[in-house]
Amino acid sequence: MAVRRGPEPGPEPGSGPVPGLALPFLLLLAVTAGRAGDARQEEAVRALARRLLGPRAAAVSLSVDPALAAGGPDIYRLWTPPGAGVAVAVAGSSGVAAAAGLYRYLRDFCGCHLSWSGAQLRLPDPLPRLRAEIRAAAPGRYRYYQNVCAQSYSFAWWDWARWEREIDWMALSGINLAPAFAGQEAVWQRVYRNLGLNQSEIDKYFTGPAFLAWNRMGNLRRWAGPLPPAWHFKQLYLQYRIVERMRSLGMTTVLPAFAGHVPQGILRVFPRVNATRLGHWSHFDCTYSCIYLLDPEDPMFQVIGTLFLKELIKEFGTDHVYSADTFNEMTPLSSDPAYLSRVSNAVFRSMTGADPKALWLMQGWLFQHQPDFWQPAQVRALLHGVPLGRMIVLDLFAESKPVYQWTESFYGQPFIWCMLHNFGGNHGLFGTVEAINHGPFAARRFPNSTMVGTGLVPEGIEQNDMVYELMNELGWRQEPLDLPSWVTRYAERRYGAPNAAAASAWRLLLRSVYNCTGVCVNHNRSPLVRRPSLRMDTELWYNASDVFEAWRLLLSAGAELGSSPAFLYDLVDVTRQAAQQLVSHYYLSIRQAFQSHALPELLTAGGVLVYDLLPELDSLLSSHSLFLLGRWLQSARAVATSDQEAEQYELNARNQVTLWGPSGNILDYANKQLGGLVLDYYAVRWSLFVSVLVESLNSGRPFHQDQFNQAVFQVERGFIYNKKRYPAVPSGDTMEISRKLFLKYYPSALRHSLAGPA
Ligand SMILES: *[C@@H]1O[C@H](CO)[C@@H](O)[C@H](O)[C@H]1NC(C)=O
Ligand SMILES: *[C@@H]1O[C@H](CO)[C@@H](O)[C@H](O)[C@H]1NC(C)=O
Ligand SMILES: *[C@@H]1O[C@H](CO)[C@@H](O)[C@H](O)[C@H]1NC(C)=O
Ligand SMILES: *[C@@H]1O[C@H](CO)[C@@H](O)[C@H](O)[C@H]1NC(C)=O
Ligand SMILES: *[C@@H]1O[C@H](CO)[C@@H](O)[C@H](O)[C@H]1NC(C)=O
């Protein structure tokens, strides 16, 4: 078939100096040149240093000079100038590069560390001087960050203070490309109203705040909505600050664009419009899904898409990069390559209609999610509906299922090698350290590779800091790291002091729970966080004893490191992981006892699980501010401007981490191990399971999963509406609780893991 091309003329791939690369690279360069001037970026990165270091920032000189990069990827230089006043001078080719250079200095010369779970910024006095100049060049143009799902799983309720911290972390990590998605519904609402839709038609379209990510991808509508007017105002206000700050640091913002999905009201206002209902998404029926998709040839496609983008650009300006996902987890209406090219071409044209320099950033998740549909011809057609170099594909799950390998590097479109790592913002220690340590380098060496950078795209954040610090560092490196020595230094910096036991603990974690190889999907399926049944999966990809041993080692380091916030966070996290493993052991004992009609054993194992272990885990989690259900719920309520909004937002927040839909549609997908949630949700569910099994043995009536599911649904739903207020401040002594758990369970933990893999 004839691949439809856009208006952009250009040489065929292979005619440039680097075969297949010249055109995409030149276009990317053209599009992303012309960020904020250096004076503005310099001021922004200096302000960042003052936020981070306070008065000590005076001993650091920061400058931004775009000429350093000579049109290539970012570069930073570090050196100590002669004289006494300045310990280190950092020059970056952009604000982000300078910030990354600053973090390099803090990390490698001051032993500091910054992560989601906190900062370890104890600076040596005086600040160390450098003997020789250091110069680092990024191996690719982009370091990308953010998954569209994280907008809902993690950022849904953020205020500006939290955004500011994240953007600081992004800059220090060297991230230079990231979405800025807040406030888009406000603009869409304006566009729809101008087109003639009424408010109730719009209200039936937008989901509630905790589910907007899937509304934006055409998956879901109306569920947990509507969006109150105050929501829009607050998000607009946030978005102004977000884009202003990102740009001032030299980051390229990615703005949302039109992917072709429309509210049903469009059909009332424009009865002749050709829109077709897509199928249902995931386990939702058409009450909340089956969104209309405009035909790519319908003139309204361009009208709506361009109208929206013009309005958005008028509001927020632009860096010329736009995100749109038409078929993310949605089966296209036709697999005809010509149709698929028409769709991507229509999306792209609706972008260039508003911004001739538009570059489309698209998630490549769909290709590996539905590989049966997305055969080479379909992938090629979708990608070639857009001129080469005017699209960047995020190879979203490249650490496990890289798409570039079977698509000849996305058939010539540039792509970013991304680490997905996390699904649903689940807690659970996890990593594929070997894949991320080698994958990006292999992708760059791939024949005719079109890779233009690396990315971090977790569905939810604030978990597994180590993996993200590693990936950020790799984004600036030309070759892989030596992982065991890297993790040893990581532990030292994180806790602010060398400690042999803590270092050993980290090396154990590195080789086991963080070293998943093969196709690894980090979805926490521990029985702890799943609806109980007699067929639960307790397989692990690692040696469970290594985690128990790491737990022992961390506790033994507690006397020395107990005052480090990051240490306490890790102690909670590793204890939590050990407890999660123990839940599997008790579950297997319960199942075994039930299947062999051993009532006393069933009562014993069930009793320990429900009355000891889960409440103890809950109190452990409740001792740390980052593991509190109350923090998540209160951040939702804090966005509200009325009691009614507060109720709606809290129900959104509760539903997302449990039922995920009105009837448990994507049950426990976004499970979290949080103080409050473990006790009032997971433990209650387990309690019901154990008592139903006991009842079954007593009465001789068989256990029916269906009946149990109906009964337990009432428990799950009951949690959402329990009206309880959960504390947003921690209580209890983490060290003491962890030690008590250890003394109680460690001996049996060892017995269990020696008995074989759980
Ligand atoms: C790389 O691109 C060149 C030029 O288009 C082509 O001849 C060659 O076959 C490609 N190599 C691979 C391995 O795809
Ligand atoms: C919006 O339009 C629909 C369809 O005509 C109508 O049923 C509904 O009452 C209208 N709502 C408002 C608030 O005007
Ligand atoms: C309407 O759209 C569908 C799907 O995009 C397409 O198959 C059909 O040919 C279109 N109908 C008309 C009359 O254009
Ligand atoms: C991870 O496991 C693989 C084999 O499964 C091994 O070759 C590799 O050395 C391990 N990596 C680390 C960091 O322990
Ligand atoms: C599992 O880990 C423990 C403790 O770290 C170790 O003693 C044991 O040899 C390991 N088992 C296997 C099968 O690797």
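We count ligands from 1, going down the list as the structure has it; atoms in each ligand are counted the same way. Note that the structure is predicted; figures quoted are calculated from it, not measured.
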Distances for all N or O pairs of ligand 3 and the protein under 3.5 Å?
unit_1: ligand 3; atom_1: 2 (O); unit_2: Asn274; atom_2: OD1; d: 3.1
unit_1: ligand 3; atom_1: 2 (O); unit_2: Asn274; atom_2: ND2; d: 2.5
unit_1: ligand 3; atom_1: 2 (O); unit_2: Asp295; atom_2: OD1; d: 3.2
unit_1: ligand 3; atom_1: 5 (O); unit_2: Asp295; atom_2: OD1; d: 2.4
unit_1: ligand 3; atom_1: 11 (N); unit_2: Asn274; atom_2: ND2; d: 2.7
unit_1: ligand 3; atom_1: 14 (O); unit_2: Asn274; atom_2: ND2; d: 3.3

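Using a 4.0 angstrom heavy-atom cutoff, Gln199 does not count as in contact with ligand 2.
Inclusion of Ser545 in the set of residues having an N or O under 3.5 Å from an N or O of ligand 5 is not warranted.
Judged purely by distance below 3.5 Å, without hydrogens or angles, the side chains of Glu616 and Tyr745 pair a donor atom with an acceptor atom. Remark: the Gln189 side chain and the Arg193 side chain contain no N/O donor-acceptor pair separated by less than 3.5 Å. At a cut-off of 3.5 Å, with distance as the only test, no side-chain donor of Thr517 or Glu434 sits close to an acceptor on the other residue.
His369 is linked by a ring-ring contact (aromatic ring centres under 6.0 Å, His included) to Trp365, counting only residues two or more places apart in sequence or in another chain. For Arg221, there are no salt bridge (charged side-chain N to carboxylate O under 4.0 Å, His left out) partners at least two apart in sequence or on another chain. For Val303, the side chain to side chain contact (heavy atoms under 4.5 Å, CB included) test picks out Met300, with sequence neighbours left out.
Counting heavy atoms closer than 4.0 Å to ligand 5, residue Arg511 contributes side-chain atoms (C-beta onward) but none from N, CA, C or O.
Two rings, from Tyr322 and Phe258, have their centers 6.0 Å or more apart.
Counting the atoms of ligand 2 from 1 in the order shown, those under 4.0 Å from a heavy atom of Arg268 are 2 (O), 4 (C), 5 (O).
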